[in-house]
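Take a look at the structure below.
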Amino acid sequence: MKKMAATLSIMCLMTPLYEAELSVSLAEIPGLAAPDGNGGAEGTLPHLLRIVDEHYDGGDFSYQVFPFGRSIQNVATRKSDVHAPLIDTGAGSPPEFQYIDEPLLDVTFVVYSRKDSPLNADSDFTALRVETMIGHAHFFDFAVDEVASIEIGLKKLAKGRTDAFIMEQDAVDGVIKAEGMIDLHRAKYAVWDSTLIVPTGAEGDALNAALSAAVVAAKSDARYAAAAEQVHAPFQDWQP
């Protein structure tokens, strides 16, 4: 009887924790992720994650799109299994969630300022009014306020209500081009990892290991590099 119980325990440990659908909460970011009108998601980020899904041993990924802050909270409150994307600066995971060990790709953050008061990575931001998107203020070692959308952040900057807006270049550049914001200046700030977050605890640890293995395998897929560059391209040195 004890031998049978031990065998069953081993079988349970070998069984993937997430055999059914894996709920992936995506932050709504112009160009990267948006609702597809059918309860799912479209954009360059879900396209990349579908390649990862093909290399994941558990259940299929299902996608929903939310405002950035709410999407992070979906994982922190266990409403979703995974959130994407989130920057990992190497400072460690906060207590409410954990970064998976294998990052998806690199992401370039850019400091956006006004052409009449241009800033760069070496500027003294401690004396300036700086904003970023919800969920990103803890990346910086100086005071940064958070806004709900890129559009709000850029419009406040253009009107002189703030001095800088720091965020990843791909989504922000898209808004600048779409809105014709020609009075802004851009400069490279930093390059960090962009990755997935999962819950804490034993189940989160197991999911971390499974997803990290899937990302490692996906990076050997011939389609991965091109799909990753569609999400986050290397720094583009241009001005509006």
Side-chain angles (χ1 to χ4, degrees), residues 25-36 41-46 48 65-73 83-89 91 105-195 228-240:
S25 181
L26 299 177
E28 186 168 11
I29 305 173
L32 272 67
D36 66 1
E42 61 183 6
T44 57
L45 180 58
L48 178 67
V65 180
F66 298 91
F68 214 117
R70 182 179 170 189
S71 186
I72 294 172
Q73 283 301 307
H83 157 82
L86 195 61
I87 306 308
D88 183 2
T89 64
L105 67 165
D106 292 335
V107 56
T108 299
F109 265 51
V110 170
V111 52
Y112 297 90
S113 54
R114 290 183 302 280
K115 285 184 177 178
D116 58 2
S117 304
L119 303 172
N120 58 48
D122 297 323
S123 297
D124 180 10
F125 294 101
T126 61
L128 300 174
R129 298 164 297 173
V130 184
E131 290 188 335
T132 188
M133 279 279 288
I134 288 175
H136 294 76
H138 64 283
F139 299 153
F140 308 97
D141 58 2
F142 47 86
V144 178
D145 291 325
E146 296 183 331
V147 292
S149 73
I150 292 169
E151 291 85 348
I152 291 173
L154 290 179
K155 288 177 180 177
K156 289 176 70 175
L157 174 62
K159 292 178 180 178
R161 294 170 59 190
T162 59
D163 300 304
F165 183 70
I166 306 178
M167 194 59 196
E168 60 94 355
Q169 72 168 350
D170 307 273
V172 183
D173 285 357
V175 174
I176 288 174
K177 291 173 182 177
E179 298 289 335
M181 295 180 167
I182 61 173
D183 296 327
L184 300 183
H185 178 272
R186 55 193 303 284
K188 183 178 179 180
Y189 180 77
V191 178
W192 289 318
D193 289 336
S194 179
T195 190
E229 189 162 319
Q230 289 296 311
V231 180
H232 293 308
F235 178 65
Q236 307 296 310
D237 192 5
W238 69 280
Q239 296 299 333

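Here, residue 1 is the first one in the sequence, and each next residue gets the next number. Only this structure's heavy atoms are used, side chains among them; waters, hydrogens and symmetry mates stay out.
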Inset, instruction - State, yes or no, whether a side-chain contact exists between Ile29 and Leu45 at a heavy-atom distance under 4.5 Å. - result: no
Inset, instruction - Kindly give the heavy-atom pair with the smallest separation between Gln236 and Gln169, and that separation in Å. - result: N-OE1, 3.2 Å
Inset, instruction - Hey, could you give me the OH/CG distance between Tyr189 and Asp122, rounded to the nearest 0.5 Å? - result: 10.0 Å
Legend entry - Donor-acceptor contact below 3.5 Å, side chain Glu229 vs main chain Pro234: no
Legend entry - More than 12 heavy atoms from other groups under 6.0 Å of NZ on Lys177: yes
Inset, instruction - Nearest 0.5 Å please: distance from the CE atom of Met167 over to the CZ atom of Phe109. - result: 4.5 Å
Inset, instruction - Give the C-alpha distance, both sets of side-chain angles, the deciding distance and a yes or no for side-chain contact (heavy atoms from CB on, under 4.5 Å) between Leu184 and Phe165. - result: CA-CA 10 Å; Leu184 300 183; Phe165 183 70; over 6 Å; no
Legend entry - Thr108 OG1 to Asp170 CG distance, which is reported to the nearest 0.5 Å: 7.5 Å
Using a 3.5 Å cut-off and no angle test, enumerate the donor-acceptor pairs between side-chain atoms of residues 134-147 and protein atoms at least two apart in sequence or in another chain.
unit_1	atom_1	unit_2	atom_2	d
His136	ND1	Met133	O	3.3
His136	ND1	Ile134	O	3.1
Glu146	OE2	Gly135	N	3.0
Glu146	OE2	His136	N	3.2
Glu146	OE2	Ala137	N	3.0

Inset, instruction - Please name the pair of heavy atoms, one in Ser25 and one in Phe66, separated by the smallest distance, quoted to 0.1 Å. - result: OG-CD1, 3.2 Å
Legend entry - Side-chain heavy-atom pair Met181, Leu154 within 4.5 angstrom cut-off: yes
Inset, instruction - Please report the shortest heavy-atom distance between Arg114 and Leu157, naming the atom on each side. - result: NH1-O, 3.0 Å
Legend entry - By ring pair (Phe, Tyr, Trp, His ring centres under 6.0 Å) - contacts of His83 (at least two apart): Phe68
Legend entry - Closest contact, heavy atoms only, Pro35 versus Glu28: CD-OE2, 3.7 Å
Legend entry - Separation between CD of Glu131 and CZ of Arg161, rounded to the nearest 0.5 Å: 8.0 Å
Inset, instruction - Working to the nearest 0.5 Å, report the span between CG of Asp106 and CD1 of Ile87. - result: 9.5 Å
Legend entry - Check: Val111 and Ser123 side chains under 4.5 Å, non-hydrogen atoms: no
Legend entry - Minimum heavy-atom distance between Ala33 and Ala27, given as atom pair plus value: CB-O, 3.4 Å
Legend entry - Crowding at CD, Gln230 (>12 non-hydrogen neighbours, <6.0 Å): no
Inset, instruction - Using the side-chain contact (heavy atoms from CB on, under 4.5 Å) rule, take Arg186 and Asp173 through it: C-alpha gap first, then chi angles, then the decisive distance, then the call. - result: CA-CA 9 Å; Arg186 55 193 303 284; Asp173 285 357; 2.8 Å; yes
Inset, instruction - Could you pull out the closest heavy-atom pair between Arg129 and Gly160, with the gap in Å? - result: NH2-O, 3.1 Å
Legend entry - Distance in Å, Leu119 CG paired with Asp163 CG, rounded so as to fall on 0.5 Å steps: 7.0 Å
Inset, instruction - Salt-bridge test for Asp183 and Lys115: reply yes if a basic N is under 4.0 Å from a carboxylate O, no otherwise. - result: no
Legend entry - Side chain proximity check, Leu32 to Glu168, heavy atoms < 4.5 angstrom: yes
